[in-house]
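What follows is one structure encoded as structure tokens, with my remarks underneath.
In what follows, chains are A, B, ... by sequence order, proteins preceding strands, each numbered from 1.
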Amino acid sequence: MNRVHITKLILWMITGFAVAVGITRFLYGLGATTNLTDATPWGLWIGFDVMAGVALAGGGFVITAIVYIMRREEFHPIVKPAVLTAFLGYLAVIASLLVDLGLPWNIWHMMVFWNPHSPLFEVGWCVMLYTTVLLLEFSPVPLEKVSRYAKIRNFLLKFRFPLVMLGIMLSTLHQSSLGSLFLIMPFKLYPLWYSNILPIQFFISAVALGLMMVALESLVSSYLYRRPAEYHLIAKLGKTVVWVLLIYFIIKMTDIVISDKQELLFNGSWESILFITEILIAIIIPMIIFSTRRFRNNPAGQWIGSILVVSGMVFNRINVGGLTMLRATGDSYFPSWMELSVSAGVISAAILIFLFAIEKFHVWETPPRDPEAEPHKLPRFDTASQTWLGIPAVAGRTKYTLIFILSFALGLALIPSPNIRSRGISLAPVAPARGGDTLFIDGNRDLYGVSFNHIRHIEQNGNKKSCIICHHMNIPLDKQSGCYHCHRMMYESYDAFGHEWHSHKSGANLACGKCHLEGQEKNAISAKKCDQCHIDLIPPGALITIEQYNAPAYVDAMHILCVKCHREKVPSLPEKPNLARCTACHESIPPDYLKDTEGNHNVNTKNNRPYFNRVMLPGLK
Amino acid sequence: MKAILTDITKCIGCLECVSACKSVNSLEMDVPRIWQKNDGLSADNWTSIIQKPGPHYIRKQCRHCLEPACASACPVGALSRTEEGAVVYDSGKCLGCRYCMMACPYGIPRYDWDKAIPYIRKCILCHPRILQGKQPACTEVCPVQATIFGNRDELLAEAHRRINENPNKYINKVFGETEIGGVSVLYISDIDLGFLAYKQELGSLPLPKTTSAAMKSVPFAFVGMGAFMYGLNWVIKRREKLGDKDKPNEDNKHE
Amino acid sequence: MDTFLEFASGSLFRLSFAIMAMGLLRILVLDIWAAIEAYKRAGDKNVPWNQAFRKTIAWLFPVSKVLNSRPAYSLLSIFFHIGLIIIPIFLYAHVQLWKGGIGFGWFTLPKLWADYLTLGTIIFGLALFIGRIVNRASLYISRKQDFLWPLLLIIPFITGYLCANLNLMPKYYDVFMLMHILSGDLIFILMPFTKIAHCVIMPLSQFILALAWRFPPNTDEPICATLNKKGTPV
């Protein structure tokens, strides 16, 4: 196994995983797969994939500007890979955007319904146009393979200069407009990042990022294929990036000083640390590395410098894209593993296409050789079945597809069932009431519970007859199921009877008249009871009889059962709260035992939400 | 231009407005979801009552800005402000980018996170009812007239009249009169209502103005960059033609 | 028990179903790919579409086979296949599960039919197994998986029948249900990697057979040379 094959194997694996998660996202919605909330509607897929992805793909317009506009022919060897990287980068951006959009099939609406006031409208148009431009810029390379299309190729080559011009102009627009997106959030974005010249900052940083992304792409791909990278060109790019970074740094700092935010820089807050880290990683250290001749010409220095700039600028996009808004929104967001895997999968797929393209087409001056395809290599056999794996191409696709489907299946299997089933209500698994004479009933374990005196309830409600109020008969041979047995989830109803099965012709195939008597309203109360058909259903010694089948949600059940009796008792007990008023119970003021030592109640942690106003009355009809 | 005025000192927290809203807009029963904010609003709850110590009951709903940030942010114009003052939503246009949720300074728009076909959900000031000449469901059912509906000018006058009559009772400010260019859902209160937005003081600059400057310079940037690149190319070509072997300074490309 | 059931019908089911679906798709795609490459290599580019198509149909609806050799065995096999395919797909309970999972269902079998068909499938499966042991010729060409498959395939049918008819053994419902789901999961996982894969590549195999045994042009001479039969026409 060599580097390329191992890399491809891993990439196929990640892609398979991401495809599984992607399917889940489209079947069950964003809530089932992401950690996005109403307070944080943009997460990793926008902050990283779209914001950083567009900037990472900025290498295309920077290098084409250097080669075709400034006519620096020595950079020609890296033009094709740079344009290819940019094109695939934009495809990846569009792919992750389609996953992130709630109604991705409506994306064409941007072309029909115009709102030129919106920066996003402009970004969308530019991305669409620029991706087309990149496709036209790159397509001469694959077209070269087919002599039939020589005419089209020559036609495209004729228009290369205008295409390059158009590409640069479109890039200028949307790279900066990505910054304009956040101008409308002055109250959410932390002041260190919010700036009226955010668009200009975004554009300049995209230039720096684009330069270094091209360098990194060259370094990585030459590592994979064991060929010397264009070190002399990367050194030149490094020299250039120092100037770009310097301008970026000066603009950024000047802006902070002018708008009088410098005291926020060193106040030790979480954001100030983020900001200083970002500046160090993205600007200061790379500037030192690339301004020193020794580091600049050294592959190790080039690796470190380019990785620092790339990661630092990506960090900047994530900071602006939502990370530094968390203080204002008071939310806590960390991407779910499903979001992370989709991001990784989109990138993996893009890299796989990149590797495919450089192996198939004339992207590099000297195309890479597949070490597995060397004629002196011995044929390879599968260790398990002792069968010949076939020629390298066949062996490769057998392996890649196998790992793809296995990790696809694993991805589907790992998706937590509650996420799929209970649509975001996963917080409310009901715990069994711990027995004894007094039960503490707190179904969703938020510490808002009731001490329930079991013995007294039995006495007050008519001894043994009253068991039926709470305990049900649900499964054959059941003697006395507690609420928990079926009401597993606080807000989900539970059907113990299965009306559809009993009436369906593929089920029990019973006519209505079998259970519902003629002339009576057809409902659960008037219908036949279970034991009239299932004679052996009730075991001897059962505490309960059969009364109720279709159990409502736990919360409804509790309201019907508890509130009903309490309401009857209320007139005789003047001290008790007025249960007819919801606000008597559902308060926003937390009880004392939920307060911390300073008397504050942290209302934003997801596990600890106050219960007030959560359960709304259904509509008045 | 229609508006709602809510008097915090009058509200008794009976939740009749919430029930009426659910009924009129046919919203489903609300259950707590992990993605909800802590203010009672959700995709199935377009207005809510927040209880503050006192007790004070503050009704939260869409503020229906005069220059709404959400409408200016929406790339397809799915959100728009009507003549009557309501900011309404056209689900047929929406593509689900959620930029409106990001842009709203009050954090009002909510999302159907649990649906495979999700839409933005928020108070629309009962716009269909207004068109029929009726008032919104919430103001209609309020048993104590804590929240009332009317023309914005009249309600503003009424608010100032109440404050002037009882200067000790109220904070001397009509919340929403001028903030971010004015909103249609006004409050008068005896406690500060800064917590309804992401920042205590929002200022009076309408949010669409923050992006409009950048958006206006877009054509100039487009043409300017093109002209600059063409000019640069022309100069460099000319130099090459003249046999000038000095390559242009590398700094050129940063300008 | 609930946890086991939850796991077997949740995560494990998704895993096995995905391996089954994607795995079958994979071998189908790889085989088509191989067929295309074989076609490119082949000297004679004439594909006997008609012949391959007719043979495929003959294999799918083996009427002539029934009439000719070993009619009893062929009939058993046909009915077994019908039960194997129809019951899991069109059983009411399964369709209800699909409805809950993906939102739509389809035509379902009446309960009585499903019960008889299930019993039939179990009996046919056992008969096939016995037939394989008894018949000297088929015993000789059988591999291990050929013996195991009929037995493995009838486990979900037996347990499923017991679960569907609650009054038979109500106490052990959970146990049978778990066995039913687990054996189903195992079958799904094994499908693409064993001979059960013939459910998707059977139609293809005739085409591949027709294609792959074509030699590239001018290969007859070297072949004859290798076989020490120079000069004989191939």
Side-chain angles (χ1 to χ4, degrees), chain A residues 27-31 37-39 41-42 65 69-71 101-103 106-107 109-110 113 115 117-122 124 165 168-169 172-173 180 183-188 199 240 243-244 247 328 423-425 427 491 582-583 587-588 603-604 606 609 612-614 616-621, chain B residues 13 15 18-19 22-23 29-38 40 45 48-49 51 53 69 72-77 93-99 101-103 105 107 110-111 113-116 118 198-199 202 207-208 210-211 214-215 218 221-222 225-226 229 232-233 236 250-251 253-254:
Chain A
L27 278 181
Y28 300 103
L30 287 163
T37 65
D38 280 332
W42 281 2
I69 304 289
M70 293 168 200
R71 303 180 65 80
L101 286 181
L103 308 158
N106 282 352
I107 195 161
H109 282 186
M110 255 200 239
F113 306 113
N115 181 16
H117 301 292
S118 167
L120 193 60
F121 169 78
E122 199 238 295
M165 286 279 291
I168 297 166
M169 287 150 79
T172 317
L173 288 200
S180 314
L183 290 178
I184 206 162
M185 308 165 203
F187 312 120
K188 284 168 110 175
T240 317
W243 291 102
V244 183
I247 295 170
R423 299 138 71 225
I425 325 174
L427 275 186
Y491 306 96
C582 311
T583 38
E587 296 217 37
S588 67
V603 291
N604 290 317
K606 285 180 181 167
R609 295 189 174 217
F612 169 65
N613 228 344
R614 287 288 165 193
M616 279 293 109
L617 312 165
L620 302 170
K621 280 182 182 159
Chain B
L15 299 172
V18 180
S19 278
K22 275 186 163 307
S23 159
M29 195 175 128
D30 202 22
V31 290
R33 316 265 195 175
I34 47 177
W35 47 71
Q36 282 176 13
K37 273 206 285 194
N38 197 31
N45 237 19
S48 71
I49 303 280
Q51 195 181 0
S72 100
C74 182
V76 290
K93 285 183 179 176
C94 182
L95 45 83
C97 68
R98 309 188 292 283
Y99 189 25
M101 302 174 73
M102 292 295 283
R110 298 302 153 102
Y111 208 53
W113 294 108
D114 57 317
K115 307 257 168 63
Y198 282 125
K199 206 177 172 198
L202 294 186
L207 287 178
T210 55
T211 47
M215 293 310 293
V218 158
F222 187 70
M225 192 42 130
M229 282 294 149
L232 192 66
N233 185 257
I236 291 167
E250 278 185 2
D251 298 0
K253 59 178 90 70
H254 316 311

Q) In Å and rounded to the nearest 0.5 Å, what is the SG to CG distance from B:C94 to A:L103? A) 5.0 Å
Q. Counting distance only, does the side-chain N/O of B:N233 pair as donor-acceptor with the main-chain N or O of A:I69 below 3.5 Å?
A. yes
(Q) Whether the side chain of B:T210 engages the backbone of A:L183 through a donor-acceptor N/O pair (distance < 3.5 Å, no angle test) should be reported. (A) yes
Q.
When you measure from the side chain of B:K199 to the backbone of A:K188, do you find a donor-acceptor pair of N or O atoms at a distance under 3.5 Å?
A. no
(Q) Please evaluate residues B:W35 and A:L30 with respect to the criterion side-chain contact (heavy atoms from CB on, under 4.5 Å), reporting the C-alpha separation (whole Å), side-chain torsions for both, the decisive distance (0.1 Å), and the verdict. (A) CA-CA 11 Å; B:W35 47 71; A:L30 287 163; over 6 Å; no
Q) With a 4.5 angstrom heavy-atom cut-off, which part of B:M101 approaches chain A: side chain, backbone, both or neither? A) both
Q) How far apart are the closest heavy atoms of A:T37 and B:W113, and which atoms are they? A) O-CZ2, 3.4 Å
Q: Nearest 0.5 Å please: distance from the NZ atom of B:K93 over to the CE atom of A:M110.
A: 14.0 Å
Q.
I'd like to know which of B:C74, B:A221, B:A103, B:A69 tops the heavy-atom pair count under 4.5 Å against chain A.
A. B:C74
Q | Audit row: B:Y111, A:D38, side-chain contact (heavy atoms from CB on, under 4.5 Å) steps and yes/no | A | CA-CA 7 Å; B:Y111 208 53; A:D38 280 332; 4.1 Å; yes
Q: Measure from the side-chain N and O atoms of A:H117 to the backbone N and O of B:S72, and report whether any donor-acceptor pair falls under 3.5 Å.
A: no
**Q.** side chain to side chain contact (heavy atoms under 4.5 Å, CB included) partners for A:I107, two or more places apart
**A.** A:L97, A:L98, A:L101
**Q.** Which of A:A328, A:P199, A:A65 touches chain B most, by non-hydrogen pairs under 4.5 Å
**A.** A:A328
Q | Donor-acceptor pair, side chain of A:N115 and main chain of B:P75, under 3.5 angstrom | A | no
Q: Examine whether an atom of A:S180 lies under 4.5 Å from a heavy atom of chain B, and if so say whether it belongs to the side chain, the backbone or both; otherwise answer neither.
A: both
**Q.** Largest heavy-atom contact set with chain A, pairs under 4.5 Å, which of B:C97, B:A214, B:G107
**A.** B:C97
Q.
To the closest 0.5 Å, what do you measure between CE (A:M185) and CE (B:M102)?
A. 4.5 Å
Q: Below 4.5 Å from any heavy atom of chain B, which atoms of A:P41 appear? Answer side chain, backbone, both or neither.
A: both
